[in-house]
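Take a look at the structure set out below.
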Amino acid sequence: MGDRYELRFSGSGGQGMILAGIVMAEAAAIYDNKVAVQSQSYGPESRGGASKAEVIISDSGTIDYPKATAIDCMLALTQEACTKYHGDIKKDGILLIDSDEVKDIPEGDFKVYSFPIIETARGELGKIIVSNIISLGLIAELTGIVSHGAMEKAVLARVPVAFTELNKKALQIGFDKARELKGN
Amino acid sequence: MGDRYELRFSGSGGQGMILAGIVMAEAAAIYDNKVAVQSQSYGPESRGGASKAEVIISDSGTIDYPKATAIDCMLALTQEACTKYHGDIKKDGILLIDSDEVKDIPEGDFKVYSFPIIETARGELGKIIVSNIISLGLIAELTGIVSHGAMEKAVLARVPVAFTELNKKALQIGFDKARELKGN
Amino acid sequence: MAAERVKKLMQGNEACAEGALYAGCEFYAGYPITPSTEIGEILSYKLPLIGGKFIQMEDEIGGMAATIGGSLAGKKSLTATSGPGLSLKQECIGFAAMAEVPCVIINVMRGGPSTGYPTGPSQSDIMATKWGTHGDTPVIAVTPSYVPEIFTETVRAFNLAEKYRTPVFVLFDEIIGHMREVVTIPHPGELEVIDRAKTDVENKEDYLPYDNRFEIPPLAPFGEGYRYHVTGLNHDEDGFPTNDSKKIDAGNRKILAKIENNKEDIWSCEEVDTEDAEVLVFAFGSSARSASFAVREARKQGIKAGLLRPLTIWPFPDEPLRKAASKAKVVIVPELNLGQTVLEVERTLPGVKVEGLHRVDGEPITPAEILEVIDKYK
Amino acid sequence: MAAERVKKLMQGNEACAEGALYAGCEFYAGYPITPSTEIGEILSYKLPLIGGKFIQMEDEIGGMAATIGGSLAGKKSLTATSGPGLSLKQECIGFAAMAEVPCVIINVMRGGPSTGYPTGPSQSDIMATKWGTHGDTPVIAVTPSYVPEIFTETVRAFNLAEKYRTPVFVLFDEIIGHMREVVTIPHPGELEVIDRAKTDVENKEDYLPYDNRFEIPPLAPFGEGYRYHVTGLNHDEDGFPTNDSKKIDAGNRKILAKIENNKEDIWSCEEVDTEDAEVLVFAFGSSARSASFAVREARKQGIKAGLLRPLTIWPFPDEPLRKAASKAKVVIVPELNLGQTVLEVERTLPGVKVEGLHRVDGEPITPAEILEVIDKYK
Amino acid sequence: MAEGAAVKKKQKVNVPFDYDKYLRKGKLPHIWCPGCGHGIVLKSLLRAIDKVGLDKSSICMASGIGCSSRTPGYVDFNTLHSLHGRAIAFATGVKLAKPEMNILVTIGDGDALAIGGNHFIHACRRNIDMTVIIYSNAIYGMTGGQVSPTTPEGAMSTTSPHGNMEPAFDACAVAEASGASFVARSTAYHMQELEKVLTAAIEHKGMSVVEVLDSCPVYYGRQNKYKSASHMMEEIEKKGTVSGAQAKNLSEEEIGDRFVRGILKQDKDGVEYCDAYDNLIAKVQVKK
Amino acid sequence: MAEGAAVKKKQKVNVPFDYDKYLRKGKLPHIWCPGCGHGIVLKSLLRAIDKVGLDKSSICMASGIGCSSRTPGYVDFNTLHSLHGRAIAFATGVKLAKPEMNILVTIGDGDALAIGGNHFIHACRRNIDMTVIIYSNAIYGMTGGQVSPTTPEGAMSTTSPHGNMEPAFDACAVAEASGASFVARSTAYHMQELEKVLTAAIEHKGMSVVEVLDSCPVYYGRQNKYKSASHMMEEIEKKGTVSGAQAKNLSEEEIGDRFVRGILKQDKDGVEYCDAYDNLIAKVQVKK
Amino acid sequence: MTEAAEKILPRIEIDPKRCKGCSICVDFCPTNVLEMKGALATVVKLEACTRCDLCDLRCPDFAIRVFD
Amino acid sequence: MTEAAEKILPRIEIDPKRCKGCSICVDFCPTNVLEMKGALATVVKLEACTRCDLCDLRCPDFAIRVFD
Ligand SMILES: Cc1ncc(C[n+]2csc(CCOP(=O)(O)OP(=O)(O)O)c2C)c(N)n1
Ligand SMILES: Cc1ncc(C[n+]2csc(CCOP(=O)(O)OP(=O)(O)O)c2C)c(N)n1
Ligand code: SF4
Ligand code: SF4
Ligand code: SF4
Ligand code: SF4
Ligand code: SF4
Ligand code: SF4
Ligand SMILES: [Mg+2]
Ligand SMILES: [Mg+2]
C-alpha cells in the first residue's frame, strides 16, 4: 500500500520494545503531524520470550489495518525475535539488528544494518536500558520517516526529567551511528 | 373435544383444592386406568386468595392441552372462586357449590348443585379439613367420571393411615348426598 | 416374572428427578429457585437413600461448579435452576463445555427478564441457553412437552452428556414442571443408559484427556491413577494451556464440531401430519401441547395443518424443519416469549412465510389462539 | 480564543475512559479482567480528581450491581469487563433492563469460551451480549473500530443509555483496546452529551417511575424526594410488582418496543462504496479495519466491492444492511468467532449468498484473507 | 381539672405509634403469612427510624429476593427490591454515589448469608455506612422451606428432609471478623430491645449488622413441629437466647447453644468508607 | 571405614529434597516472575505432601485463575485449573463425590477472598475436608497489580493509584469465624515453618486454611518501592510478622499491625462434612 | 369502690381487614385480655388490660392498637 | 590442620535453565557463599557453605541444590 510505512520493533520482554513503538508513533503523529497506529503482541505468558511492537505511519488519512503486512523497517535485538519475526519484511525494506546478539542473519531481499546496540548502551552510556532509545535514533536516521526534532521531543516527553540528558545522548548516538552505517 | 372430561376445583388457598385435583387424577389414571392430567394455577402471592386446580380426564390416548377449555364439572367452595372461575363451564356442564358460601349463584347453561359442604364437614365429621374429600365424593357420584372404588383407593392412598376412617366417612357422605341431590 | 412397573401420578419436576435417578445420576449440587425447586427437594431425599450425594450450595455459581467437580470425580451429575440461576451459572457452563465435562442442567423456565414473573410459565430462555455464556460454545438442549417425556428426555440428556462429553440442558416451562401426569417407570435396562466411555490406554501415563485420536475422547475420572490437567483456557490434547494459534483454533472448532457432526444422532422430533402440511406449526414444550390440540381441530376443519415438535431444540433441527416445511405455505411458531425460536425458523426457511405467536403475560398459549392463526391461512 | 484541543496518542482502553469522562460519567464499579483492566485503572486515578467515585468491587456481579445502584442515585455509571465477567454480570444486566436503569457496560472481547485465550482478540461475545441474560431483554450495543471512535462511541453509549433508560454495551476487541492511535479530545459542548431527563410532575407524590404517558419515562434520582419503588419483577407503572397479566404483558413488550421503535435513531453505520457493491463486506470492530483495507484493494483490482461497517450491532441494522446489499451477489462476514453476526445477516437477507469468514486462533483476520474471499466472487 | 390533666397525660403516653406515617398503606396487607415474624421486625425498624428522626426522602431501603426482601415495598422511602443476594452490592453503589443517603438493607438469612455472603463480608470489610438487618428465620421462606446457612443442625427442611447435617453460621461472628464496626443481635420476640438495637445501629456511622432471630411458622414451624407462631417465638427466640447482660454471668457451658443478644461490637474509631473516600478526593484535588 | 560411614550419614542428611518426583518436569520453568514467592510456597507444599506421604493419584489439586492458580499445572496430581474464584466450589464437588480424595486448593488472595469469598466462607462453615492454601501477596498479580482485599491501607496498586483507602481482611479471622476447624498463617520467608504448618493442615481432617504471606516483587514490589524480592520478604514477611510463641509474650500494642504466624486454630472435635454425610446415608439406609 | 368505677378503660382496635389470625397477641397478652374468635383476635376482658402495648408491638400485621 | 583439609565440600548445583536471577539465594545465604553474576546465581565461596540449605529452600525456581 502506497502511503503506509510499517515498522516493527522486536526483542525480548523487558527490552522496551513497546515503549519504542509508542515513542515512534508519538514522534510521527504528535510531533510530525502524520497519522500513526501502534500495536503489540501480548501473550498471557509473555514474561520473557520474544516480544514485538508495530507502528504504521501514514502521511494522510486513516490507517485501517493496524498490523504489519509488508514491513518497511524492522529492529531485532535478539536472535529469537529476529528469526521469528523477520519474515514480513518487504522487498527493499530494512532490517536493523544488534550485531552481538543476532549472529544468524536471515537472508532476504532487504537491506541489513548491523550495530552493537546493547553493547553501546552499556559501554558508552552505562545503561543497557537505553538500547531502545539508541535504536530509535538509528531508525529515525536510517528511514527518515520521522524528523530528528520530532523524535527528540517524543523521547523526552516519555522519560523522567532526571534522565533527559542520558536519553538525549542515546538518541544522538543513534542518529550519528546511523549516518555512519548508511555511509558504509 | 369428545374424549376429554374437564374438572376444576376452586376455593381459597388452604382448602385443599390441589389435593382434590391430585386425588381425582389418581383415581382416574391409576385406579380406573384412564388418562389424566392435573394442573394448578400458582401465583407468587397465592397466600390466601382464590385457588384452583384442574383435571382433564380421557378414556384413551394422550391429553395434549392440559388446561380447561370447556369445563364439564366445576367445584366452588368460595364466592370469590365461583365468580372468578365459572366462566369456562360448558353447556350442560355441572357447577357444584357450597351453599353457605356461594350466595351469588352465576347464571349459565349449566346445572348447579348446591350443598353445605363445609358445614357438613364441621357438623358431621368435626373437621372442616375434609371438605375437599366430601367434595370428591359428591363429584364422583354426580359425574360418574371415576368409579367409587377408584376414588376410595385414591383418597386412602393420599391420607395418613390414622385418618382412614374419617376420610372414608367423608367420601361416603359425598356419594350419598350426591345421590340425593341428583334425585332432586 | 418381571415385576409390575411402577406407575405413578407425578409432577413434571418429580419425573425429572426420577429420570435422573434412572439414568444413574449420583450427584446433585444446586441452589433452590422457583419453579424448579422440587427437583432438588426430591433428590435431597432420594439420593442419600442410594448412597448418592445432594448438596445445596451457597449460590447457583457454586452449584454449577460443584456439579462439574462431581462429574470430574466420575459421578453423573445434575443441577437444576430457573432463569436468574441460569444467568448466574453461565460462566461455569462455559467451563464445562470448554473442558468437556459431562453434566446435565435442568432449566424450568419462568417469566423473565430479571426476576420477572417467578411462578409464571415461559419459554424465554431458549436463546440464553444457546448464547448465554461468552464465546462460541457447543450446546445441546432437549425440550420435553409431557410429564412422562420429562422422564425419558432427562435420561436422554444424561446419555447425550456422557456420549458427547458436554453439558446438556433440559428445558421445560413451569406449566409442565408443576403439572401431574402418570409416569410408568421403566425397568432397569428397558431404556438405554449410556455410561461414560472408558479410556483404552494401557499405560496410565499415556492418557490424554483431549486425545486427538478421538472425536470425543474418553474422560477418566479423577482419582483412578490418570493424573491429568483440566483448564478452561485453550488447551492442548494433554489438557495444558497452549498459546499455539493452530492448537487454539483446533480446540475451539473441535468442541463445536462434535455436536455439528452428530446432529442427526442428537435430534429428536415428533411429527404430526407433516407429510402434506400446508400450515406447519413448529412448537415445543407446553406450547406444543396447545399446538397439537389446534392442529387436530384444524384437520377436522379440513385444513392441511401439521405439527413439528422438536424434542431437541439445540442443535437447531434445521433439516427436520426443512423437510417438514417442504409443502408449507406458512410456518407458525407459537412460543412463550417475544420471538426467539422463530428467528431460527426464519433463518432456516428463507422464502417461507413464518409467523410467530408470542405470549408473555404469564399464561399459556391456548389452542384457540393457535387455531385462529391457522385459520388465517386456510 | 478557544484553547487547542488535547491531542494524544492513546490506547483504546484509555480512549474509552476518556470518552466516559467526557460524557459525564461520575461513577465506576467493576472488577479487573484482562484485556479491559486499563479502563478501570485509569478511572481509579481520574475519577477522584473530579470528585467522582471508583470502586473495585469484590466480583463482577457486585460491580454490575453497584453500577446500577450508582445510576439510581443519579450518577452516570460505568462498568468494564471481558468475557467471563460478562457472563457473571448477566443477571444484573437483566435487572437494569427490566427496571430501566441507564448504565454503560464496556466489554473488551477476548478469546472464549470460558477463560479461553485471555490476551487474544475476539468478537465472540456478540450473541452473548444480545441473548446472555434470561428472558426477552432489550439490548443496545455499539462497536467502534478505531481508537478515536472508541472515544466518540463511548460518549454515544452514555447518550443512548440516558435517552433510552437502558443498559448500553460498548463492544470492542483486544486489538483495538490495546492499540494506540491519536485522539483529539473535543472541547466541552463539541460533542452532544445527553443528560437524564427530568420529571415534569409538579407534585412529587405523583411521580411514576414507569409512567405510561411516556415511551421512556424520566427517571428521578433517589434522594430527591420522589419516593418510588424499583423491582426486577414485572411491575406496574408505579414500580410495584403486579400479577395482572395485562400489565405483565404490557411491561414486557414496552421495554423491547422502546428500542425497536427507535432503531433509526440508534443505528449508526459507515458505508464505503456500497452503492454499486456486488461484493459486500459486513464487518465491525477490528475486522472492519481489515475489511476496509481489503475492499480498497479489491476496488483497485476492479472488483465492485463495498463495506458496511455497523457502529451499532444491536439492535441489528437490518434495514441499512438490506439497503447496502441491494446489488450484492454475495455478502462476506469476517468476524473473530465461529459464526455469530453472520446468522443475523443470513436471516436479514433471505436468498442472498452469505459467506462467513471466521477466525478463532487468537490472531486478527488479515486483509489478505478477506481479499481471497472477495476474489472468489469477482 | 386535675383528673383531666391526668387523663391527658395518660393519653399522651398511650397514643399508639403511628406506623402509617411510614407505610405505603395502599400496599397493605403485606404478603407475609399469619404469624410471620417479618412484620414484627419491620415495625421495630419503623419505630427506630422514627426515634432517630430520619427524613423519609433521605432513606434508601434496599433488599434482595425473599419474603423479608418484600419489606421495601411497604414503606414510603426510596426503595429498591433488587436481586437475590445482591442488595448490599446495589446499596453500596447508591451510598457511594450519594453518601448523604441513609441506607437500610432488609434481607433474609439466605439472601445475606448464602447467595449474598460475599457482598456481605466485603461491605463489612469496607465499613461502609449502612444498616443491614438480617431477618434470620433459619429457612428460605419465599421458595417454600429449604435449608439455609442458619438452619440449626438436625432441623428439618425441604432440602434437609433427613435432618440438616450442615453446621450453621454465626452471622454476627462472621460480620465481626470481616470488619463490621457495629454488630448486634436481637429477636422479634424482644421487639423493644430490637427497637433499641436498631436505633443504635442506624445512628452508628459505618457498617452495622443486626441479626434478628425471627420465625417462619409456615415452613420452618410446620416442618419442625412447632405448634404455633407464638410457640416458635417462645422456644427459639425467648428460650434460645440470652441477653448480653445475662451472658456475662454465665459460663460458656451454661450459655450452651443459646445465642447472645444485644450489641456485640461497637467500634467508633474506624473511618467510614465514604468519609475515607472524601478524604482521598480532598487529598488528590489539593495535589492537583 | 568409620570415615566412610560418617560421610554416608552426612550424605543422607544432605540429599536435597527430590521435588521432581511431584513435578511435571516438562512444564517447567514455571511462568512466575523472578523472585515471585509462589514458587517457594509450592516447594514447601510439596515437602509437606511428601512428609504426610499422600499418594499422588489420591490428590486433587484445584485452583482458580491467577498467578498462584497456575500451581496445579506443574504438579503430577489430578489437577483442576478452574475459574476465577470458584476453585473451592469445584473442589467441594470433587470431594463430596469422591471423599477418599485428598483435596488441596492453591489460590491467590483475590481468588480466595475477593471473587471467591462466598465459597470460601461456606466451605469453612461446612468444615469439608480440604486444605486451602492462600498465596497472599496482597495484589492481583496475574492481571497486572490491582488492589486486593488483603492490600494494606495506603499501599499503591494500579487501582489504588492514590493509595489504598480500603481496610484489608484478616483472612484467618474470617476463616475462623466462618467455622474452619484448622486455621494457620505462615510466610514464604519462613518456608520451614510453612512446611510444618502445611503438614499439619493436610493431616487435619476438616477444612484447613493456611494463609501464606508471600510476595509479588513485580507488581506489588515495584509500585511500593521495594528494592528487590528479598527486600520485600525481609520487610513484609519477616519484619511484618511475629510467631505465635512470640506473640504470647507481647501486648496487642507491641504486636501492632504485624501478623501472627503459626497454627491459630485447630479443632479436632467437629465432624467433617463428608463423614457427616456418610453418617446420614448410613442412618437413612438403615431406616429404609 | 369509686376508684375502680373511675378507671378509664383503654380502647383496643383490631382491624379485621388486617388481622390474619396468628394469635400472637392473644398468646402473649400478660392478662389474657384477648382471645381468638375464629381467625380473628377479639377483646374479651378489656378491664384486665394494663396498656402494656405488647399486643400492638408484637402484632406482625399492624392490626391491633391500644388507645386510651 | 588435617581436619580442615579433610573437610568435604558440598556440591552446589545451579541450573542455569531454571535460575531466573532473583538473587534470593544470594541475599539470604548466611555465609555469603553465593553471588549474582549477571542474571545468574553463582558460587563464589564454597568453603563457607554450612549446608544450611536455605538457598535451596527459598529458591522459587527449583534452580539451586546443595549436595554433599
Ligand atoms: C438468583 C436467584 N436464585 C434463587 C432465587 C430463588 N429465591 C428467592 S428468595 C430465596 C431465598 C429466600 O430465603 P431468605 O433470604 O432467607 O428470605 P425469607 O424468604 O426466608 O425471608 C430464593 C432461594 C432467586 N430469586 N434468584
Ligand atoms: C470472572 C473473572 N474475573 C476476573 C478475571 C481476571 N483475573 C484473573 S486472575 C485475577 C486476580 C489474580 O489475583 P490473585 O487471586 O490474588 O492471584 P495472584 O495472581 O496474585 O497470584 C483476576 C482479577 C478472570 N479471569 N475471571
Ligand atoms: S413463608 Fe415463612 S418467611 Fe415467608 S411470609 Fe410465610 S411465614 Fe414468613
Ligand atoms: S506477577 Fe507477581 S504474583 Fe504473578 S508471577 Fe509475577 S511476581 Fe508472581
Ligand atoms: S396492651 Fe397489654 S394487657 Fe392490654 S391487651 Fe395488649 S397485651 Fe394485653
Ligand atoms: S397479632 Fe395481629 S394478626 Fe395476629 S391475631 Fe393478633 S391482631 Fe391478628
Ligand atoms: S546451603 Fe546455606 S550456606 Fe550453603 S550456599 Fe546455601 S544458603 Fe549458603
Ligand atoms: S534463588 Fe533460585 S532463581 Fe533466584 S537467583 Fe538463586 S538460584 Fe536463581
Ligand atoms: Mg429466611
Ligand atoms: Mg494475589
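Protein chains get the first letters and strands the later ones, always in sequence-line order, with residue 1 at the start of each.
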From F:M233 CE over to H:I24 CD1, what is the distance, rounded to the nearest 0.5 angstrom?
5.0 Å
From H:F28 atom CZ to F:M191 atom CE, the distance as rounded to the nearest 0.5 Å
9.0 Å
Does the side chain of H:V66 come within less than 4.5 Å of F:P16's, by heavy atoms?
no
Would you say F:K238 has more than 12 foreign heavy atoms packed within less than 6.0 Å of its NZ?
no
Any side-chain heavy atom of H:C59 within less than 4.5 Å of one from F:K43?
yes
To the nearest 0.5 Å, how far apart are CG in F:L23 and CZ in H:F62?
4.5 Å
Closest non-hydrogen atom pair between F:S230 and H:S23, with its separation
OG-O, 3.9 Å
Atom CZ of residue position F:R258 - does it have more than 12 heavy atoms of other residues, nucleotides or ligands inside 6.0 Å?
yes
At a heavy-atom separation under 4.5 Å, does F:L46 approach chain H through its side chain, its backbone, both, or neither?
side chain
Taking the side chain as every heavy atom from C-beta outward, state whether F:H30 and H:K20 have any atom pair closer than 4.5 Å.
yes
Measuring only between side-chain heavy atoms, which start at C-beta, is F:L28 closer than 4.5 Å to H:K17?
no
Counting only heavy atoms not in F:E234, do more than 12 fall under 6.0 Å of its CD?
yes
Taking all heavy atoms of H:C22 and all of F:G35, pick out the closest pair and write down the distance.
CB-N, 3.1 Å
Would you say H:D27 and F:S228 make side-chain contact, with heavy atoms under 4.5 Å?
yes
Is there a donor-acceptor pair under 3.5 Å between the side chain of H:R58 and the backbone N or O of F:Y189?
yes
What's the separation between atom CG in H:D53 and atom CZ in F:F17, rounded to the nearest 0.5 Å?
11.5 Å
